[in-house]
Visitor: 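Before I ask anything, let me first share the structure, which is written out below as structure tokens.
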Amino acid sequence: MLNRLVIVGGGTAGWMTASYFKAAFGDRIDITLVESGNVGTVGVGEATFSDIRHFFEFLGLKEKDWMPACNATYKLAVRFENWREKGHSFYHPFEQMRSVNGFPLTDWWLHKGPTDQFDRDCFVMPSVIDAGLSPRHLDGTLIDQPFVEGADEMQGLTMSEHQGKTQFPYAYQFEAALLAKYLTTYAVERGVTHITDDVEKVNLDERGWISGVTTAQHGDIEGDLFVDCTGFRALLLNKALEVPFISYSDTLPNDSAVALQVPQDMKARGILPCTTATAQDAGWIWTIPLMGRIGTGYVYAKDYLSPEEAERTLREFVGPAAADVEANHIRMRIGRSENSWVNNCVAIGLSSGFVEPLESTGIFFIHHAIEQLAKNFPDESWSPVHRQLYNDSIAHVMDGVREFLVLHYVAAKRNDTQYWRDAKTRRIPDGLAERIEMWKTQLPDTETVFPYYHGLPPYSYMCILLGMGGIELKPSPALALSDPGPAEREFAAIRDKTRRLAETLPRAYDYFAAQH
Ligand SMILES: Cc1cc2nc3c(=O)[nH]c(=O)nc-3n(C[C@H](O)[C@H](O)[C@H](O)COP(=O)(O)OP(=O)(O)OC[C@H]3O[C@@H](n4cnc5c(N)ncnc54)[C@H](O)[C@@H]3O)c2cc1C
Ligand SMILES: N[C@@H](Cc1c[nH]c2cc(Cl)ccc12)C(=O)O
């Protein structure tokens with residue numbers, strides 16, 4: 001039986017993989033995780049997709065177990081500031097788009113917008129976020145979304161099988177390092193062998209398959225399937241197996257980040273329950289509220305900005321609270337491996353690929369890769385079909401997300417610096433130009449977005465197109481011939497619901513303070 005899994009690397013990717021496979025296969029799988037005591041983890045990575053709750057459910061973990069241990073908060077949207085012009089903001093919320101008579105509400109909004117804010121008119125969440133509220137009441141009940149928690153027919157589905165069925169109203173923000181620590185305990189308690197040591201050599205057999213890894217103090221570790229979770233180093237897949245890396249830098253030029261972890265009195269400050277991405281002269285700054293601190297960082301292209309200038313801008317942006325905090329400068333490898341599974345080696349996490357964290361996709365990529373590996377887990381026959389299906393799925397997810405991110409820059413109206421002007425003339429991925437031409441006349445739907453599963457539903461594309469403001473959009477001509485009454489009633493219903501929620505939901509901080 002093929003059942004010996006060796007994971008190299010103990011960051012978020014390594015421990016998520018170890019925990020998931022123990023939860024999936026129990027004692028029938030033998031897992032060893034080796035992580036260096038000298039090479040650190042990336043140390044950032046804080047905002048997620050809502051889908052990650054399926055991961056926690058799969059492990060049998062409840063919010064009340066893991067959230068306090070990871071200083072976690074709820075994320076109801078990404079808030080984009082200054083992408084259209086200074087002073088403008090809009091949300092990409094976790095909220096299903098309503099549709100009226102077969103047309104998305106945003107289409108009706110284009111036809112006859114009640115205000116100039118599509119997000120506040122078409123969704124409930126933006127006003128909930130503006131007011132700093134929690135999506136759960138103090139007794140734990142969920143904001144009244146068209147959503148049934150724990151519905152039987154949803155159990156055991158992968159993320160791609162879930163897509164389009166429901167939209168859960170929030171994701172999470174947490175300290176990735178604390179999650180890795182939490183999962184270490186989870187995995188070790190369930191029988192994962194944990195070795196702290198440096199892998200110094202990757203041993204290949206005559207076919208070029210990995211026979212084992214040599215560590216500094218624990219000798220050779222042998223296994224059947226090797227999972228490369230060594231971060232940007234990609235020690236097994238890219239270094240030992242020499243699998244080519246496809247850079248996305250021609251379409252996504254941001255290759256650097258500088259991060260600060262700023263302690264804050266969240267009770268006094270309050271929690272805006274979202275991740276904020278504030279556009280800057282040569283990139284953007286993330287702001288992520290956690291319990292006890294905010295995580296923040298400037299993502300930029302070093303062709304346009306030096307690390308010193310980036311750090312200075314970030315410190316000015318944060319203010320005096322950051323004075324004594326040390327900055328963490330990070331070089332980002334943007335792109336993906338040509339194949340993430342080659343022979344008996346699978347790369348998961350930064351070793352497989354990465355795009356800038358604008359839509360918080362890093363941990364989503366890891367979760368997706370784990371689900372796909374579980375689904376395509378090999379046996380002694382090592383069928384190439386499993387590898388092919390896996391590699392296609394990883395490539396589609398990453399290429400699709402790349403396209404979605406590029407759209408942010410192409411659609412942003414801002415053009416006040418060379419960085420933003422160049423964003424309008426830079427090469428864009430094949431197919432995107434045609435799709436944008438189509439979206440100008442007919443808002444994105446399942447038929448016209450990137451044709452493979454990549455985690456993002458069509459309404460996400462609508463939010464970016466409507467919020468960024470640099471591309472002129474037209475409503476469907478059919479709406480001019482249609483009765484506007486039902487759409488007007490829907491806009492009014494959203495206003496009513498927003499008012500009702502503002503009166504009943506607790507403040508986000510108060511909700512978490514009660515949990516801690
Ligand atoms: C600036 C930035 C912001 C990000 N923001 C987000 C976000 O908001 N949301 C999100 O989902 N994702 C985000 N990410 C991505 C996220 O941080 C990563 O996807 C996640 O932390 C996984 O990292 P990893 O485990 O692949 O690698 P790492 O954290 O780099 O871990 C690598 C591991 O390999 C080990 N290792 C390396 N060499 C050896 C060796 N020779 N022997 C033994 N062990 C070795 C190290 O000790 C370490 O344990 C961000 C990333 C960056 C760079
Ligand atoms: N499957 C993802 C897709 C998604 C839907 N809405 C949003 C909003 C944001 Cl900010 C990110 C991602 C998403 C999910 O449900 O998480």
Side-chain angles (χ1 to χ4, degrees), residues 47-51 75-80 83-84 89-111 113-115 117-129 135 143 145-147 159-171 274-275 277 358-361 364 397 400-401 403-408 410-412 432 435-436 438-471 473-476 479 486-487 490-491 493-494 497-498:
T48 66
F49 272 25
S50 80
D51 301 292
K75 167 187 170 188
L76 278 58
V78 176
R79 174 185 167 99
F80 291 92
W83 288 71
R84 179 186 292 209
S89 72
F90 72 95
Y91 290 104
H92 171 205
F94 293 94
E95 183 175 348
Q96 193 92 291
M97 169 73 63
R98 290 159 176 77
S99 103
V100 174
N101 291 348
F103 293 88
L105 194 58
T106 37
D107 206 350
W108 289 100
W109 184 89
L110 274 176
H111 175 64
T115 71
Q117 296 181 308
F118 85 94
D119 51 348
R120 273 90 172 174
D121 292 337
C122 298
F123 297 103
V124 168
M125 285 301 185
S127 311
V128 170
I129 301 166
I143 195 171
Q145 289 281 321
F147 182 86
M159 286 188 278
S160 56
E161 290 160 345
H162 268 278
Q163 177 142 310
K165 290 196 166 57
T166 55
Q167 179 56 58
F168 196 71
Y170 63 80
C274 66
T275 295
L358 183 55
E359 288 282 358
S360 333
T361 42
F364 161 66
V397 161
V401 167
E403 198 174 293
F404 183 55
L405 294 191
V406 170
L407 178 68
H408 291 58
V410 177
L432 180 58
R435 285 195 258 280
I436 290 176
M438 228 171 336
W439 297 335
K440 286 179 182 170
T441 304
Q442 193 78 41
L443 284 173
D445 62 21
T446 40
E447 305 297 316
T448 60
V449 296
F450 187 78
Y452 301 98
Y453 172 76
H454 58 292
L456 292 151
Y459 92 77
S460 295
Y461 287 78
M462 292 187 212
C463 291
I464 299 309
L465 282 166
L466 287 158
M468 292 292 181
I471 293 177
L473 305 163
K474 292 200 278 291
S476 296
L479 299 189
E490 196 62 36
F491 288 124
I494 289 171
K497 187 165 175 185
T498 303

Visitor: Would you say the rings of Phe404 and Tyr461 are close, in the sense that their centroids are separated by under 6.0 Å?
Guide: yes
Visitor: Assess the residue pair Lys474 and Gln442 against the criterion (side-chain contact (heavy atoms from CB on, under 4.5 Å)); give the C-alpha distance rounded to whole Å, side-chain angles, the decisive distance to 0.1 Å, and a yes or no.
Guide: CA-CA 7 Å; Lys474 292 200 278 291; Gln442 193 78 41; over 6 Å; no
Visitor: Indicate the atoms forming the closest heavy-atom contact of Met97 with Leu105, along with that distance.
Guide: SD-N, 4.0 Å
Visitor: In the structure I gave you, are the side-chain heavy atoms of Pro457 and Ser460 within less than 4.5 Å of one another anywhere?
Guide: yes
Visitor: Hey, are the side chains of Leu110 and Met462 touching, using non-hydrogen atoms and a 4.5 Å cut-off?
Guide: no
Visitor: Would you indicate whether the side-chain heavy atoms of His92 and Arg79 approach each other to under 4.5 Å?
Guide: no
Visitor: About how many Å separate CG of Leu407 and CE of Met468, when rounded to the nearest 0.5 Å?
Guide: 8.0 Å
Visitor: Run the side-chain contact (heavy atoms from CB on, under 4.5 Å) test on Glu490 and Trp108 for me, step by step, so that the C-alpha distance in whole Å, both residues' side-chain angles and the decisive distance to 0.1 Å come before the verdict.
Guide: CA-CA 10 Å; Glu490 196 62 36; Trp108 289 100; over 6 Å; no
Visitor: Evaluate Trp109 against Leu466 for side-chain contact (heavy atoms from CB on, under 4.5 Å), listing each step before the verdict.
Guide: CA-CA 10 Å; Trp109 184 89; Leu466 287 158; 4.0 Å; yes
Visitor: Out of curiosity, Arg435 CZ to Thr448 OG1, how far, rounded to the nearest 0.5 Å?
Guide: 8.5 Å
Visitor: If every non-hydrogen atom of Ser50 is compared with every non-hydrogen atom of Phe94, which pair is closest and at what distance?
Guide: N-CE2, 3.5 Å
Visitor: Kindly give the heavy-atom pair with the smallest separation between Lys497 and Val124, and that separation in Å.
Guide: CD-CG2, 4.0 Å
Visitor: With side chains defined as the heavy atoms from C-beta onward, is the minimum distance between Trp439 and Val449 less than 4.5 Å?
Guide: yes
Visitor: Classify the angle between the aromatic ring planes of Phe80 and Phe90 as parallel (below 30°), tilted (30 to 60°) or perpendicular (above 60°).
Guide: parallel
Visitor: Can you find a pair of side-chain heavy atoms, one from Cys463 and one from Phe123, that are under 4.5 Å apart?
Guide: yes
Visitor: Hey, what do you get for SG (Cys122) to CD (Gln117), rounding to the nearest 0.5 Å?
Guide: 11.0 Å
Visitor: Side chains of Lys75 and Ser360 only: does a donor on one sit below 3.5 Å from an acceptor on the other?
Guide: yes
Visitor: Drop me the distance from Tyr170's OH to Ile129's CD1, to the nearest 0.5 angstrom.
Guide: 14.0 Å
Visitor: Quick check against the 3.5 Å criterion: does Asp107 have a side-chain atom that pairs as donor or acceptor with the backbone of Ser476?
Guide: yes
Visitor: Do you know which two heavy atoms are closest between Tyr91 and Ala77, and how far apart they sit?
Guide: CD2-CB, 3.8 Å
Visitor: I need the minimum non-hydrogen distance between Val406 and Leu432, along with the two atoms involved.
Guide: CG1-CD2, 3.8 Å
Visitor: Verify whether one side chain among His454 and Glu403 offers a donor that lies under 3.5 Å from an acceptor in the other.
Guide: no
Visitor: What is the distance from atom CG of Leu465 to atom CD1 of Ile436, rounded to the nearest 0.5 Å?
Guide: 7.5 Å
Visitor: How about Leu76 and Pro135: do any of their side-chain heavy atoms sit closer than 4.5 Å?
Guide: yes
Visitor: Taking the inter-plane angle between the rings of Phe364 and Phe49 on a 0 to 90° scale, is it parallel (under 30°), tilted (30 to 60°) or perpendicular (over 60°)?
Guide: parallel
Visitor: With a 4.5 Å heavy-atom cut-off, do Thr115 and Arg120 have their side chains touching?
Guide: no
Visitor: With heavy-atom distances below 4.5 Å as the criterion, would you say the side chains of Ile494 and Asp121 are in contact?
Guide: no
Visitor: What closest approach, in Å, do Glu95 and Gln167 show between heavy atoms, and which atom pair accounts for it?
Guide: N-CG, 3.7 Å
Visitor: Given the rule in the side-chain contact (heavy atoms from CB on, under 4.5 Å) test, do Ser89 and Trp83 qualify, once you have shown the distances and angles that lead to the verdict?
Guide: CA-CA 8 Å; Ser89 72; Trp83 288 71; over 6 Å; no
Visitor: Find the distance between CE (Met438) and CG (Leu443) and round it off to the nearest 0.5 Å.
Guide: 12.5 Å
Visitor: Quiz question: by atom type and distance under 3.5 Å, do the side chains of Gln96 and Thr166 form a donor-acceptor pair?
Guide: no
